[in-house]
Amino acid sequence: MLRPAGEARYLPRVAHQPDNLWIAAALVAWFGQSARELPWRSAVGAPAGCRRDPYRALVSELMLQQTQVGRVVDKFRAFIEAFPDAATLAAAPEERVLACWSGLGYYRRAKLLHAAAKEIVRSHGGVVPSSVGSLQGLPGVGRYTAGAVASMACGQAVALVDGNVARVLFRIRGRDATQGDAADMAWAWEDAEELVAGAAAAGVDVPALNEALMELGATVCTPAAPTCDRCPVRERCTGFAQSRQSSIPRPKPAGVRSVITCDAVAVLDDRGRILLEQRPATGMWASMWQLPTIEEAGRGRRDREKVAAWIGLGDADQLRRLERFTHTTTHRDVRFTLWMYRSAAVPAGGGSPGRVWKSRDELGDLGISNAQRRMIARAFESALSTGGATLPVRPRR
DNA sequence: AAGGCGGGGAT
DNA sequence: ATCCCAGCCTT
């Protein structure tokens, strides 16, 4: 019997999931009615042959890695305004890129995106490549991100799997998966590729299907308490049929959260400037600016003499404690103590080479984590409310 | 294969 | 409090 080349290869796989075409069609139809309006879904700037600007798609996908949509929207708009294309981004100093990434977290992504822009200029003539292979060769672009740009921006019929897609597929198939498990993610990729192959063969809009899977995971098929009464594929969902939707995937065993104790010192001069230092280029808050800060594992506290000595400020009596708070991230608790150093005499170099005075107006041009921004704001507020009687201070010559 | 990397929304 | 998010890179 004659059949087209290649058909025999995937036909058994399609037959393995006979609901796939129905599911794909239902998802695409639902997405047409339910899609949120998001800035990176605009067709603005899309070159011929693309539904969206691949550069904007790349920026949005990097920002969206492990980060929820609601926290990205405004940052994305500002970033695109500052760096409207790959060439502009490639030519920008890293300082400005990190400033635009402030508050988003996972700051390595900003450096990787910056490097990707340079690579796009050097090797791709300033045009974001459209093949999965070329995309995945860019810094910061893995299998998911490459699939997302190739599919949703460039219209290609390739699969993509992120946390949302994986969860949706686990539930539809009734797979007893564990959150973040590598074998389960591999299964999800195979399942998504099978779904996409069948959809493409039937003429279904694959980019819309991919985006529908993600949108469903983000808005309906949510991790806890999915709203199945709003789900377009409920009637073909094994998890729902078995009332297991809320226990798929199983949560990963909780990891141990380490504790770090930090003492940060705000030093202001009589011109309203504040003393800052830049963190190392790797590790937590890489290359971000901060108040002079001591960082130590564990929950031990330093007294004011020790803080003054470690920070390199001479007069411990001028150190006043402003606040304590705990900054919690996924992997650790960072216990901050914020100090104000009020003295007419600040050691040369702020007590340590590499520290610089920055005015309040300049802070927007610097990469600064949210925890540090909070403390800096508190310090300025305190200085203003206290008045000039004991402040400001002047750097010692 | 496992660990590191932010910050906040949802529950 | 705990979980997880449009993941990726390094070891």
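In what follows, chains are A, B, ... by sequence order, proteins preceding strands, each numbered from 1.
Protein atom CZ of A/Phe170 is 12 Å distant from nucleotide atom P of C/dC4, rounded to whole Å. If you take CD1 of A/Ile368 and P of B/dG6, they are 15 Å apart, rounded to a whole angstrom. One interatomic measurement links the two molecules: CD of A/Gln65 to C1' of C/dG7, which rounds to 5 Å at whole-angstrom precision. The distance between atom CD of A/Glu61 and atom P of C/dC8, rounded to the nearest whole Å, is 9 Å. Remark: P of C/dA6 and CZ of A/Phe76 are 16 Å apart, rounded to the nearest angstrom. Note: CE (A/Met185) to P (C/dC5) measures 9 Å, nearest angstrom. Across the protein-nucleic acid pair, A/Gln68 atom CD and C/dG7 atom P stand 10 Å apart, rounded to whole Å. If you measure from atom OH of A/Tyr107 to atom P of C/dG7, you get 18 Å, rounded to the nearest angstrom.
Within the 4.0 angstrom heavy-atom criterion, only backbone atoms of the sugar-phosphate kind lie near A/Thr145; the bases stay farther away. Counting any heavy atom pair closer than 4.0 Å across all strands shown, A/Ser369 reaches sugar-phosphate atoms only and no base atom. If you check every strand for non-hydrogen atoms under 4.0 Å, A/Leu62 touches nothing. Nucleic acid contact class of A/Arg167 (heavy atoms, under 4.0 Å, all strands): sugar-phosphate only. Across all strands shown, A/Leu213 has no heavy atoms under 4.0 Å from either base or sugar-phosphate atoms. Across all strands shown, A/Ala254 has heavy atoms under 4.0 Å from sugar-phosphate atoms exclusively, and none from any base. Using a 4.0 Å heavy-atom distance criterion, A/Gly180 is classed as making no nucleic acid contact.
When each of A/His331 and A/Pro223 is assigned the nucleotide of DNA chain C bearing its nearest heavy atom, the one mapping closer to the 5' terminus is A/Pro223. Each of A/Thr329 and A/Thr222 lies near DNA chain B, and the nucleotide nearest A/Thr329 is the one positioned closer to the 5' end.
One can find a donor-acceptor pair under 3.5 Å joining the base of B/dG7 and the side-chain atoms of A/Thr330. Taking only distance into account, the side chain of A/Thr67 meets the base of B/dG6 through a donor-acceptor pair shorter than 3.5 Å.
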Could you write out each protein N or O paired with an N or O of nucleotides 9-11 of chain C at a distance under 3.5 Å?
{"from": "C/dC9", "atom 1": "OP1", "to": "A/Gly140", "atom 2": "N", "distance (Å)": "2.7"}

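Checking the phosphate oxygens (OP1, OP2) of C/dG7, a side-chain nitrogen or oxygen of A/Gln66 falls inside 4.0 Å. At B/dG6, none of the side-chain N or O atoms of A/Asn370 fall inside 4.0 Å of OP1 or OP2 (strictly under the cut-off).
For the P atoms, the distance linking C/dC8 with B/dG8 amounts to 23 Å, nearest Å. For the P atom pair drawn from C/dT10 and B/dG6, the interatomic distance equals 14 Å after rounding to whole Å.
Distance from the side chain of A/His327 is smallest for B/dG6 among the nucleotides B/dG6, C/dC5, C/dC3. Of all nucleotides listed (C/dC8, C/dA6, C/dC5), C/dA6 comes nearest to the side chain of A/Trp40. Comparing atom distances between the A/Ala224 side chain and each of C/dC5, C/dA6, B/dT11 picks out B/dT11 as nearest. Between B/dG9, C/dC8, B/dG6, one nucleotide has an atom nearer to the side chain of A/Arg109 than all others, and that is B/dG6.
A/Ser359 and A/Arg273 are not linked by any side-chain donor-acceptor pair at a separation below 3.5 angstrom, with hydrogens and angles left out of the test. For the 3.5 Å distance criterion, the side chains of A/Ser343 and A/Asp315 fail to qualify, holding no donor opposite an acceptor. Between the side chains of A/Gln290 and A/Arg279, a donor-acceptor pair is found at a separation under 3.5 Å. No side-chain donor-acceptor contact under 3.5 Å links A/Thr219 and A/Glu215. Remark: the A/Arg173 side chain and the A/Gln17 side chain contain an N/O donor-acceptor pair separated by less than 3.5 Å.
Judged by a 6.0 Å distance limit and a 45° cone about the ring axis, A/Arg304 is not positioned over the six-membered ring of A/Trp339. Remark: A/Arg335 fails to qualify as a cation-pi partner of A/Phe325 under the 6.0 Å distance and 45° angle criteria applied to the six-membered ring.
Summarising the local packing, CZ of A/Arg321 is surrounded by 12 or fewer heavy atoms from other residues, nucleotides or ligands at distances under 6.0 Å. Remark: A/Arg250 CZ is loosely packed, at most 12 non-hydrogen atoms of other residues, nucleotides or ligands lying under 6.0 Å away.
Side-chain rings of A/Tyr106 and A/Trp101 stay apart, their centers remaining 6.0 Å or farther from each other.
DNA chain C lies under 4.0 Å from no heavy atom of any residue of residues 274-293 of chain A.
For residues 50-64 of chain A, the pairs satisfying salt bridge (Lys or Arg N to Asp or Glu O under 4.0 Å) are A/Arg51-A/Asp205, A/Arg52-A/Glu211, A/Asp53-A/Arg56, with sequence neighbours left out.
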